[in-house]
Each structure stands twice: as C-alpha cells, then as structure tokens.
Peer 1: 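Pasting a structure below so you can have a look.
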Amino acid sequence: GSNAVAQLLTTLYRIERGLAGFLLALMAVLLVGDVIAREVGAGGSAWAQRAGLMCMIWAAFLGVPLTSAKGRHLRAEFTDRWWSPTLQPRMRALEEFCIALFCLGCCGLAVSYCRESAGLGDRDPILEIPLWVTQLVIPYAFGSTGLRHLLYAFAPALRPPRGGPS
C-alpha cells in the first residue's frame, strides 16, 4: 500500500537526482573540454557546446520534480493564514490537487509539442538528432511532478515537509 508507493517515490527521486547529477557533470566535461581544445589551438567543437546545452536543459527540467519531491517548490504561503487550523488540511489537499492538475495539463501540452516536432521531422542542426528526443524531458518533468502532487493530495503521509532538506 502506502509503504510501496513511498518506496517508489524514493526510488524515482534517486534516479532523477542521479541522472540530473550525471548530466551536470557531463555538461561540465563537455564545456571544459571544448574550452581547453580551443585554447590549445585544436579548435572548439560546436557539437560539444550544443550537447552541453542539452545536458543543462535536461538537468534543469529534472530539477522540477526533484524540487517538488523535497517540498521546496514555489507556493503562495501567505494564503496559509486564510484558513482555520481545522480547514487547513483540506485546503492543503486542494492545493496539491490543483498543482497536480496544472502539471498534468502541462504534461499533455508537452506531449503534443513533442508529437508535433516528431511529425514535422524537426532535427537539431548541429547534433543531427530529432528534436523530440531532447524535448521528451519536458512532458516527463511535468508528468513526474503531477503524479507526485496527485499522490500528495490523496495520501498526505507521502508529502514531504515544506521547505524540506536538500
């Protein structure tokens, strides 16, 4: 039940964190290697810069579910004072549900965006790979975040503390 879902969320967080860390490290290696190559006269590489940019984009989008998983996403905290203590748990569930709807809606739009890119045959001019491949992180990030908040809305025990540890 709830324990299995909590374990799944923890595993998902670890995978996303590991992938984001790997991509940031790869970006650094690519960009530092490109600068060194230019400085020693071997010439830079447009593909290294572009691949580094793709790594940064993916790592940044993976930061969205990572931030939500730790309770560090942006929210209007001033509204917390609007509700009585007895009403606050229901309002928190409604907040989580609304965040989930927003993120899942964005996921749907992002899927359409990727499908359109694929249908048009858009390709990265430097890396020569289909753009939809690099864009897949967008629906993933919103889908992962939306799923988390949907679970938080209906299973409050799964919610991370607000502004939790990094």
Side-chain angles (χ1 to χ4, degrees), residues 4-77 95-96 98-152 158-166:
V5 174
Q7 186 58 42
L8 174 70
L9 290 175
T10 299
T11 301
L12 187 60
Y13 173 80
R14 288 181 181 151
I15 292 168
E16 291 166 344
R17 185 182 63 190
L19 183 56
F22 170 76
L23 289 167
L24 287 173
L26 181 58
M27 175 192 71
V29 167
L30 288 167
L31 297 180
V32 168
D34 181 56
V35 169
I36 291 171
R38 276 188 276 130
E39 292 300 318
V40 298
S45 169
W47 71 264
Q49 293 175 18
R50 190 61 166 208
L53 175 66
M54 295 300 173
C55 289
M56 186 213 48
I57 290 169
W58 269 68
F61 270 103
L62 287 171
V64 175
L66 292 174
T67 301
S68 274
K70 289 297 179 180
R72 301 184 126 213
H73 58 284
L74 294 176
R75 55 178 300 277
E77 293 177 10
E95 173 190 327
E96 297 289 357
C98 289
I99 293 169
L101 287 180
F102 173 80
C103 289
L104 294 172
C106 288
C107 175
L109 290 173
V111 166
S112 295
Y113 177 64
C114 291
R115 292 175 87 179
E116 184 175 329
S117 248
L120 293 172
D122 293 343
R123 299 182 78 73
D124 184 281
I126 296 171
L127 298 176
E128 298 181 13
I129 59 173
L131 278 181
W132 67 268
V133 172
T134 61
Q135 296 164 346
L136 280 176
V137 70
I138 303 169
Y140 175 80
F142 282 113
S144 177
T145 304
L147 173 65
R148 277 185 174 89
H149 286 280
L150 194 60
L151 291 169
Y152 300 161
L158 294 173
R159 289 183 200 144
R162 288 190 171 149
S166 310

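Side chains are part of it too, since the values below use all heavy atoms of this structure and drop only hydrogens, waters and symmetry mates. Just so you know, these numbers come straight off a predicted model, no measurement behind them. Positions are given from 1 along the sequence.
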Peer 1: Taking side chain as C-beta onward, heavy atoms only, is Cys98 less than 4.5 Å from Leu101?
Peer 2: no
Peer 1: Could you pull out the closest heavy-atom pair between Pro65 and Leu62, with the gap in Å?
Peer 2: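 Heavy-atom minimum between the residues: CD-O, 3.2 Å.
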Peer 1: Does the side chain to side chain contact (heavy atoms under 4.5 Å, CB included) test come out yes or no for Leu9 and Tyr152, once each step is laid out?
Peer 2: CA-CA 11 Å; Leu9 290 175; Tyr152 300 161; 4.3 Å; yes
Peer 1: Between Leu12 and Ser144, what is the shortest heavy-atom contact and its length?
Peer 2: CD2-OG, 3.8 Å
Peer 1: To check you understand the geometry: which heavy-atom pair defines the closest contact between Pro139 and Val111, and what is its length?
Peer 2: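 Shortest heavy-atom contact: CB-CG2, 3.7 Å.
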Peer 1: Can you tell me if Thr10 uses its side chain to pair, donor with acceptor, with the backbone of Ala6 under 3.5 Å?
Peer 2: yes
Peer 1: Let me see the working for Val35 and Leu31 under side chain to side chain contact (heavy atoms under 4.5 Å, CB included), right down to the final yes or no.
Peer 2: CA-CA 6 Å; Val35 169; Leu31 297 180; 5.7 Å; no
Peer 1: With a cut-off of 6.0 Å (strictly less than), are more than 12 heavy atoms of other residues, nucleotides or ligands near CZ of Arg115?
Peer 2: no
Peer 1: Can you list every pair that meets salt bridge (charged side-chain N to carboxylate O under 4.0 Å, His left out) and has a residue in residues 7-32, with sequence neighbours left out?
Peer 2: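 Every salt bridge (charged side-chain N to carboxylate O under 4.0 Å, His left out) pair that includes a residue of residues 7-32, provided the two are not neighbours, is Glu16-Arg148.
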Peer 1: Set out, in order, the CA-CA distance, both residues' side-chain angles and the distance that settles side chain to side chain contact (heavy atoms under 4.5 Å, CB included) for Asp124 and Met54, then state yes or no.
Peer 2: CA-CA 10 Å; Asp124 184 281; Met54 295 300 173; 3.2 Å; yes
Peer 1: Could you list all the salt bridge (charged side-chain N to carboxylate O under 4.0 Å, His left out) pairs where at least one residue sits in residues 28-44, not counting sequence neighbours?
Peer 2: Asp34-Arg38
Peer 1: What is the distance from atom CG of Leu26 to atom CH2 of Trp58, rounded to the nearest 0.5 Å?
Peer 2: 12.5 Å
Peer 1: Which atoms form the tightest heavy-atom contact between Gly71 and Pro160, and what is the distance?
Peer 2: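 For Gly71 and Pro160, the tightest heavy-atom pair comes out as N-CG, 3.4 Å.
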Peer 1: How would you list, by chain and number, every residue that makes a side chain to side chain contact (heavy atoms under 4.5 Å, CB included) with Leu109, sequence neighbours excluded?
Peer 2: none
Peer 1: If you look at every heavy atom in Phe142 and Cys103, which pair is closest and at what distance?
Peer 2: CB-O, 3.3 Å
Peer 1: What's the separation between atom CZ in Phe22 and atom CE in Met27, rounded to the nearest 0.5 Å?
Peer 2: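 Rounded to the nearest 0.5 Å, the CZ-CE separation comes to 12.5 Å.
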Peer 1: Backbone N or O of Glu128 within a donor-acceptor pair of the Arg123 side chain at under 3.5 Å?
Peer 2: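 Yes, because the side chain of Arg123 sits within donor-acceptor range (under 3.5 Å) of the backbone of Glu128.
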Peer 1: Testing Val137, Leu131, Leu136, Ile138 one by one against Thr134 for a side-chain contact (heavy atoms from CB on, under 4.5 Å), which residue passes?
Peer 2: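 Result for side-chain contact (heavy atoms from CB on, under 4.5 Å) with Thr134: Leu131.
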Peer 1: What's the shortest heavy-atom distance between Ala51 and Leu30, and which atoms?
Peer 2: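 Heavy atoms of Ala51 and Leu30 come nearest at CB-CD1, 3.7 Å.
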Peer 1: In Å, rounded to the nearest 0.5 Å, how long is the span from CG of Leu8 to CG of Leu151?
Peer 2: 8.5 Å
Peer 1: Evaluate the criterion side chain to side chain contact (heavy atoms under 4.5 Å, CB included) for residue pair Leu24 and Cys55; output intermediate values, then yes/no.
Peer 2: CA-CA 6 Å; Leu24 287 173; Cys55 289; over 6 Å; no
Peer 1: Any non-hydrogen side-chain atom of Lys70 less than 4.5 Å from a side-chain atom of Tyr13?
Peer 2: yes
